[in-house]
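Comments concern the structure below.
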Amino acid sequence: MMRLWAFLLNILVLTGSTWAVEALADVAPVHHIATVRIDPAQNQIDVVDTLTLTAQGLTHFRLSSTFKVSSAKVDGTAVSFSRTQDRLSLRLKGPHTVELSYASRELPSLDDEGGFIDPDWLAQPDDRLATWGIKGSVPNGQKFVVPGRLVDETETDGGYTAQFESLTPSASPILITGPYHVHELMANGVRLRTYFHAELAALANDYLNDTAGYIDGYAATVGPYPYPGFFILSATHPVGWGLPGMTYMGRRVLALPFIRTTSLPHEILHNWWGNAVEVDYQKGNWAEGLTTYQADHAMAEKLRPGAAQEMRQEWLRNYAALPRESDQALSAFRSKTHDASQVVGYGKAAFVFHMLKTQWGENVFNKALQRFNRDNTRKVAGWADIKAAFEAETQQNLSAFFSAWIERSGAPELTLSDATNTDGVRFTLKQIQDGLAYPLNIPIDIETPQGIQRHVVNLVTKSQTFSFATSAKATAVRVDPDTDVFLRLNAADMPPILRDITLDPTAQVVVLGDGVVQELGTELAQSLLQPADPGDGDKTVLIVGLQAPVRTYLAQHHLPAVPERIAAQGDARAWTARDGAGRTLLVAEALDADGLKALTRVLPHYKKRSYVIMQDGQTFDKGTWPAKLQALTVHFE
């Protein structure tokens, strides 16, 4: 899920700003004492903000253009100011107390059902971090929340008032309101709360208990929880934000039963990785990969045998679908802006941490991350700091590993050849990718009638031959049997998935029909493809239309027909196939326009699947064609 720092970073990139997060830490933060009156029904907010700061010369404050400033005082004296869109400018010299009064009557993201106001509701200099004490009031039936420690709250017939404090320099706070039902649990000194809409209130205790367990678990693995509380807030908007000490998720998402074992632990762990330890984005976002590994991957491992390996296989499968020209080094990953960046910044990065854990063991792995956390809490950190922590715990120079996996794009491509089982086992491993060899520690299983012998080989050149004695004649050799090494697989050797097409910037698009069908088909294509403009490549094709014209088109062009097992299911479906020319096809068909609309809505969420079937606007079935994704293996006669 998208985190607020990544959200802010994207804004800065789009607006041409060049300051880096680490630069903010070198400037004294601005402290805000703000009083806020909010009326969601009227889309109205009034703010009186007293800022304490030191500045020299013309000082620019970021403030949403929806806010009208009624007065500005410096050290108690009214002063003139200028406004240009989302900038308010004052001339200052030295330490000052600045009091600003401003209001807005046009906030489309705020209404009776709740909403949020982006961080630029609080006047803040561009080049500073902020601390704050914010007191807000809303009408009866509503609640008000900003990140920070809850200092005080009162609720009467006249309305609700709450005060929050944050003395840790960070980005300006988002402001959230809603008709929330509040439930609370104190767990080991940490205040846990749910702010849920009425239909979610029955889920509060389960969320609180799970949250307490996750925080305890991560505290034992990583280090003490870095905030006084953790709040879970439901949103009317389809968002998923992790902020210091809280997460803000869409109410429909929170109602899903699996969220407590997927998104929830992920967002909680972000309080360590990305919030308490900030990311040096200019040198690569490590936090998403580490959080994915320690939360998503760890939960899969805990919930079901084999699920963690399946997740790693999925990461490799996604990477195999990534066009080489869309690849990037982990040091270049900033945030999830599209599928290609997610494949690298989440999946590949998580796999790098898995290889560190596999090579050095769980105990050393955890100690290294605990050291990284201790050394960098309340600081900005990068991959170099992670490297330093692992080098300190392993007492090894890990430059070759981090240079290969963090600074380079790409991945090793491995072959197994010349395997014999005469007088022991002998085989050759080759890295056939362009460029230098990757340093690889590869598990090897040698199967014999007496059992399996496990070895780990260190492959540091493009080609090496290995020999092992066996107690009985070997029947097979399996390379990386548990999917512990990040490799580039050959997508053509695996069943096609939607991502094979959606990641192809040259994918061809064929929309069968005109009028509304043409419109809906184009919209479906734009929701899936990256970029969203159809290309003229010859590797992948997206075919969209109503059922009868689609099936006629497939027959006329001698393309694979809809698979029999899904042909009569549902009223809308999408599936992948390969034609005789080796092209990967994604076909989306529906009985009517509503079916095409439903596919447009859900298909972006099922890119790792080979097919999706819908009935009456709901997902009826989904899956992946039978896979042959397995370790490099040789069977001896």
Side-chain angles (χ1 to χ4, degrees), residues 4 32-51 63-64 66-70 99-124 130 132-166 171-184 191-201 204 207 228-239 241 243-251 254:
L4 187 59
H32 298 262
I33 298 295
T35 301
V36 187
R37 290 189 297 109
I38 309 153
D39 188 345
Q42 301 300 320
N43 293 332
Q44 178 175 335
I45 177 171
D46 295 88
V47 181
V48 177
D49 184 16
T50 301
L51 305 84
L63 179 65
S64 169
T66 63
F67 286 91
K68 309 304 178 187
V69 180
S70 57
E99 182 182 298
L100 300 172
S101 298
Y102 49 92
S104 176
R105 306 292 187 271
E106 43 180 315
L107 296 169
S109 61
L110 198 63
D111 58 37
D112 281 340
E113 281 299 294
F116 65 91
I117 307 176
D118 289 337
D120 58 1
W121 72 272
L122 195 64
Q124 174 70 13
W132 58 83
I134 299 174
K135 185 175 183 179
S137 60
V138 289
N140 189 30
Q142 292 280 322
K143 297 292 187 295
F144 149 82
V145 187
V146 297
R149 181 174 67 90
L150 177 61
V151 176
D152 186 41
E153 66 179 341
T154 58
E155 188 167 14
T156 66
D157 291 341
Y160 173 84
T161 301
Q163 183 174 350
F164 295 87
E165 178 184 77
S166 176
S172 298
I174 192 173
L175 186 153
I176 302 170
T177 67
Y180 292 131
H181 295 246
V182 178
H183 292 76
E184 179 173 302
R191 171 179 269 166
L192 310 179
R193 277 194 165 194
T194 56
Y195 291 79
F196 281 175
H197 287 84
E199 77 273 13
L200 299 173
Y207 267 95
F230 185 78
F231 301 163
I232 308 167
L233 296 91
S234 58
T236 56
H237 308 274
V239 299
W241 285 345
L243 301 95
M246 67 171 62
T247 186
Y248 186 52
M249 295 190 205
R251 60 205 288 188
L254 285 168

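- Taken to the nearest 0.5 Å, the NE2 atom of His183 stands 11.0 Å off from the CG atom of Leu200.
- When atom types are taken as modelled, the side chain of Ser70 and the backbone of Ser101 share a donor-acceptor pair closer than 3.5 angstrom.
- By the 4.5 Å heavy-atom criterion applied to side chains, Leu254 and Ile232 are counted as neighbours.
- At least one side-chain heavy atom of Pro139 sits less than 4.5 Å from a side-chain heavy atom of Pro40.
- Under the side-chain contact (heavy atoms from CB on, under 4.5 Å) rule, Trp121 has a single partner from Ile174, Asp49, Val36, which is Val36.
- Residue Pro179 comes nearest to Gly114 through the heavy atom pair CD-N, 3.9 Å, listed as atom of the first residue, atom of the second, then distance.
- Note: Leu150 CG to Gln163 CD = 9.0 Å, rounded to the nearest 0.5 Å.
- Between Tyr248 and Trp241, the ring planes lie tilted relative to each other; the angle falls in the 30° to 60° range.
- By the 4.5 Å heavy-atom criterion applied to side chains, Thr247 and Phe230 are counted as neighbours.
- We find that Glu153 and Arg191 are not joined by a salt bridge, their nearest charged nitrogen and carboxylate oxygen being 4.0 Å or further apart.
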> Between Phe67 and Asp120, is a side-chain contact (heavy atoms from CB on, under 4.5 Å) present by the stated rule, with each step listed?
Replying inline: CA-CA 10 Å; Phe67 286 91; Asp120 58 1; 5.8 Å; no

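- Put simply, the side chain of Lys143 does not reach to within 4.5 Å of the side chain of Leu233, judged on heavy atoms.
- Between Ile117 and Ile38 the shortest side-chain heavy-atom distance does not fall below 4.5 Å.
- Rounded to the nearest 0.5 angstrom, Phe196 CZ and His181 NE2 are separated by 12.0 Å.
- At distances below 3.5 Å, at least one donor-acceptor pair connects side-chain atoms of Tyr102 with backbone N or O atoms of Ala123.
- Looking only at distances, no side-chain donor or acceptor of Tyr195 sits under 3.5 Å from a matching main-chain atom of Phe144.
- In terms of heavy atoms, Asn140 sits closest to Asp157 at CB-O, 3.6 Å.
- No side-chain heavy atom of Ser64 sits under 4.5 Å from any side-chain heavy atom of Asp118.
- Looking only at distances, a side-chain donor or acceptor of Asp111 sits under 3.5 Å from a matching main-chain atom of Glu113.
- Under the 3.5 Å distance criterion, the side-chain polar atoms of Ser234 are matched with a main-chain donor or acceptor of His197.
- Minimum interatomic distance between Ile45 and Leu175 (heavy atoms only, all atoms of both residues): CD1-CD1, 4.0 Å.
- A donor-acceptor pair under 3.5 Å links the side-chain atoms of Ser104 to the main chain of Thr66, judged by distance alone.
- Contact between Phe231 and Val145 at its shortest, heavy atoms only, is CD1-CG1, 4.2 Å.
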> Between Ile176 and Met246, does a side-chain contact (heavy atoms from CB on, under 4.5 Å) hold up when you go through it step by step?
Replying inline: CA-CA 11 Å; Ile176 302 170; Met246 67 171 62; 4.3 Å; yes

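- A 4.5 Å side-chain heavy-atom check between Thr236 and Arg251 finds at least one atom pair inside the cut-off.
- Every residue two or more places apart in sequence or in another chain that forms a side chain to side chain contact (heavy atoms under 4.5 Å, CB included) with Asp46 is listed here: Arg37, Gln44, Ala103, Arg105.
- Within the 4.5 Å cutoff, side-chain heavy atoms of Trp132 are placed close to those of Val146.
- Minimum heavy-atom separation, Pro228 to Arg149: CG-CB, 3.7 Å.
- Across every non-hydrogen atom of Pro119 and Ser172, the tightest pair is CB-O, 3.5 Å.
- Separating the CD atom in Glu165 from the NZ atom in Lys135 is a distance of 13.5 Å, to the nearest 0.5 Å.
- At least one donor-acceptor pair closer than 3.5 Å links the side chain of Gln142 to the backbone N or O of Asp112.
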